[in-house]
Amino acid sequence: MGLGILEDKVMDHVPGTTRYFDDPERPPYAVDGVEGLKCDTSGRVPIILVPQPSDDPNDPLNWPLWKRDLITFILSMTAIFATALGPILAANTITMVIWYPALFSDVAKLTGWYLLGVGIGGFIFVPSGRIWGKRHLFVTGTVLLVITSAWAGGSGKNYTSLLVARIFQGIATAPFEAFVNAAVGDLYYVHQRGSRMAFTNLAVFGGAFFTPILVGKITHTIKWWWTFYLVAIFCAACLPLIYFFCPETAYHRETSLNLDLLATDNPAAYARPVTAQATGDDPEKLAGSASAPNGTSGANGADRTNETTDPSKPQAVPQKATFRESLALFNGRKTDESFWKLLLRPLPLFLQPAFLWACLIQGLLIGWTVFIGVIIASFFLGPPYWWDEVKTGYAYTAPFLGAIIGFLIAGTLSDWTARVMTKWNNGVYEPEFRLVMVIPQMILGCAGLYGFGITVDGMQKYKYSYYVPLAFFALEVAGMVIGAVASSLYIVDAYRDLAVEGFTCMIIFKNIFSFALTFKAYDWLIENHTDATPLFNAIGTVQVVVSLTTIPLYIYGKRLRSYFARHDILAAFGVR
């Protein structure tokens with residue numbers, strides 16, 4: 001029982017469990033005398049690269065770190081503009097009510113239908129991403145963002161036109177919600193993912209909170225339709241960056257190189273006939289800078305013409321793709337699986353406890369955030385403050401700062417806690433180590449929910465200034481970001497072969513849940529003249545209960561991974 005995680009009694013090695021050797025006296029490229037593992041030796045303690053990079057120069061893991069970080073940055077920046085469309089009407093509630101005219105609930109539905117579009121798009125795009133890769137979806141999604149944002153801005157007095165545009169904006173956003181986090185799994189080793197996953201989650205979730213701060217001022221100055229036109233302009237600027245600098249990240253890697261997915265802990269299974277050791281993130285050294293059997297060697301791998309799993313059957317290393325070749329939207333199928341099976345594949349995962357936990361731990365807090373965003377304007381547009389759209393937009397400074405705080409906490413602690421706990425566990429890494437991040441999520445997120453309900457009622461009665469409930473809103477958002485990072489990292493590390501389907505489950509759940517909340521927000525609170533305190537006490541309690549389900553997942557998570565490695569839930573439903 002390593003650090004409270006129950007060992008499995010059936011499998012010798014459970015997929016997801018990996019080895020980081022923290023003993024500097026042990027050769028980093030050998031496991032009990034078996035040579036061949038590539039390592040990152042840039043730090044004081046050598047770390048075995050998980051997954052192992054191939055010798056193919058087109059393997060994203062062999063690209064320079066700066067190139068991988070550039071791809072992540074470009075995708076994240078585009079994701080900010082894409083997800084900005086979610087809360088883009090938050091500060092403009094009263095403006096839209098007057099413009100059409102419409103009820104408060106009708107304006108809330110403009111956000112709800114957008115979220116439903118994201119859920120639908122994510123569900124449809126996943127099989128396409130699994131079969132043909134992610135690049136064509138990022139490019140197509142960006143093009144659609146430009147078109148639909150221009151459409152929304154030009155909808156004029158036609159409410160239905162704006163509503164339909166919002167649905168298609170959600171569909172256009174889906175690739176960035178579904179695949180940016182998954183691309184982190186393509187581009188980085190396990191020990192590099194934590195801070196990058198925190199950054200992409202900040203972009204996908206936290207960046208959206210900066211939007212209302214600007215939207216209120218933009219609406220007041222140059223009218224509401226320019227908020228959509230500006231998104232179209234910025235997405236158009238991102239399009240060439242994605243097209244020219246974001247090649248395909250999906251890569252079909254040999255099973256033997258996926259050390260985190262191997263169902264064995266036998267060191268011989270990790271061995272490769274061509275030995276290699278690595279230093280830092282130098283792709284040339286990662287390609288093979290050590291001596292090898294049969295006399296093949298070379299600092300840049302040029303003399304190593306084959307990598308074999310059977311010495312009698314050499315396989316040529318592919319040529320490095322040219323820049324022009326990297327611009328292709330499609331570079332071959334990544335799987336021979338059926339499109340329809342892949343389409344339906346995420347659905348059975350809702351019955352798998354780990355994936356259901358990830359949906360709840362991430363999706364509920366996101367839903368509560370959307371809920372607060374829908375109703376918050378009603379607290380400030382009326383007494384005692386009577387704010388206009390500019391001041392209502394500025395109120396989102398607090399949740400934006402909360403997103404930054406969540407990002408800093410998640411980025412600082414996620415990889416650090418994993419390294420420390422791995423060291424305590426004698427060099428064996430368990431994905432369940434990621435679950436400890438739920439502790440700060442529960443503390444901040446639940447405190448934010450309870451505190452917002454109490455203080456926003458107090459504000460109405462002149463007991464608190466406006467900045468008190470906004471501070472609690474910031475705490476709730478910080479918890480949301482931390483939870484998003486924790487759940488994403490756990491799914492990537494524990495079930496990396498199902499990461500895309502896992503993210504799809506989370507997208508479907510959070511968007512349908514948020515969609516439902518937008519339809520009921522005003523019924524629950526405004527139209528029924530109910531105080532916020534009882535409602536948010538109930539919401540906070542639900543979140544506490546969901547957070548506490550992390551404890552049994554931490555204890556039994558390894559056995560759960562073992563069970564589903566031996567009992568394929570997808571095969572049971574005929575979608576494997």
Side-chain angles (χ1 to χ4, degrees), residues 28 38-81 133-135 138-139 142 176 179-204 207 237-251 253 257 276-289 298-302 317-328 331 407-408 410-412 414-416 419 485 489 492:
K38 298 179 180 181
C39 300
D40 178 353
T41 58
S42 60
R44 184 180 61 84
V45 178
I47 299 175
I48 293 177
L49 298 178
V50 180
Q52 286 279 284
S54 68
D55 286 336
D56 183 356
N58 302 304
D59 183 347
L61 293 178
N62 285 329
W63 296 344
L65 185 60
W66 66 263
K67 179 177 180 178
R68 291 180 277 154
D69 284 342
L70 177 63
I71 294 169
T72 302
F73 179 78
I74 293 173
L75 294 178
S76 298
M77 289 301 299
T78 311
I80 289 175
F81 298 124
K134 305 173 180 66
R135 174 172 163 78
F138 287 136
V139 174
T142 307
F176 295 94
F179 293 113
V180 172
N181 282 334
V184 172
D186 295 338
L187 291 168
Y188 299 100
Y189 305 104
V190 169
H191 71 283
Q192 297 175 328
R193 291 176 188 160
S195 57
R196 274 86 176 185
M197 192 74 77
F199 180 75
T200 55
N201 274 284
L202 176 67
V204 173
C238 290
L239 181 58
L241 298 177
I242 289 180
Y243 183 77
F244 288 108
F245 300 108
C246 294
E248 182 59 65
T249 64
Y251 182 79
R253 185 168 286 100
L257 300 178
Q277 67 180 20
T279 303
D281 286 291
D282 188 332
E284 294 185 349
K285 294 179 180 178
L286 290 177
S289 59
N300 60 6
V317 175
Q319 292 292 321
K320 183 177 181 180
T322 65
F323 177 72
R324 183 174 182 178
E325 290 172 338
S326 71
L327 298 180
N331 62 359
F407 164 70
L408 292 175
T412 302
S414 56
D415 282 341
W416 179 80
R419 284 195 298 268
V485 173
L489 282 173
V492 167

message: Test your reading of the model: is there a side-chain donor-acceptor pair from Tyr189 to the backbone of Leu61, 3.5 Å cut-off?
response: yes

field: For the student: nearest non-hydrogen atoms of Gly411 and Ser414, plus distance
entry: O-OG, 4.0 Å

query: Which value, rounded to the nearest 0.5 Å, describes the distance between Leu70 atom CG and Phe245 atom CZ?
result: 7.5 Å

- request: Count the heavy atoms belonging to other residues, nucleotides or ligands that lie under 6.0 Å from NZ of Lys67, then report whether that count exceeds 12.
  value: yes

task: Ignoring hydrogens and angles, state whether a donor on the side chain of Tyr188 or Asp69 is under 3.5 Å from an acceptor on the partner side chain.
output: yes

message: Angle between ring planes, Phe323 versus Phe244, binned at 30° and 60°: parallel, tilted or perpendicular?
response: parallel

- prompt: Of the non-hydrogen atoms in Ala79 and Val180, which two are nearest, and what is the gap between them?
  reply: CB-CG2, 4.4 Å

- line: Correct closest heavy-atom pair for Asp415 and Ser195 would be OD2-N, 3.4 Å

query: Any side-chain heavy atom of Tyr243 within less than 4.5 Å of one from Leu327?
result: yes

field: Phe138 versus Thr142, closest heavy-atom pair with distance
entry: O-OG1, 2.7 Å

field: From Ile242 atom CD1 to Thr78 atom OG1, the distance as rounded to the nearest 0.5 Å
entry: 3.5 Å

query: Out of curiosity, Ser76 OG to Phe81 CZ, how far, rounded to the nearest 0.5 Å?
result: 11.5 Å

- prompt: Just checking, Arg196 and Phe73: is the charged tip under 6.0 Å from the six-membered ring centre and within 45° of the axis?
  reply: no

query: What is the minimum heavy-atom distance between Ala250 and Lys134, and which atoms define it?
result: CB-NZ, 4.1 Å

- request: Check step by step if side chain to side chain contact (heavy atoms under 4.5 Å, CB included) holds for Leu187 and Trp63.
  value: CA-CA 9 Å; Leu187 291 168; Trp63 296 344; 4.0 Å; yes

message: With heavy-atom distances below 4.5 Å as the criterion, would you say the side chains of Ser54 and Asn62 are in contact?
response: yes

Reported CZ-to-CG distance for the pair Arg68 and Asp186, which is rounded to 0.5 angstrom: 11.5 Å

query: Quick one: CG on Asp59 to OG1 on Thr249, what's the gap to the nearest 0.5 Å?
result: 11.0 Å

query: Less than 4.5 Å apart, any side-chain heavy atom of Met77 and any of Leu241?
result: no

task: Supply the atom-to-atom distance Phe176 CZ to Thr200 OG1, rounded to the nearest 0.5 angstrom.
output: 13.5 Å

message: So Phe407 and Val485, do their side chains get closer than 4.5 Å, heavy atoms only?
response: no

message: How close do Pro57 and Gln319 get, counting heavy atoms only, and between which atoms?
response: CG-C, 4.2 Å

- prompt: Are any non-hydrogen side-chain atoms of Asn331 and Ser326 less than 4.5 angstrom apart?
  reply: no

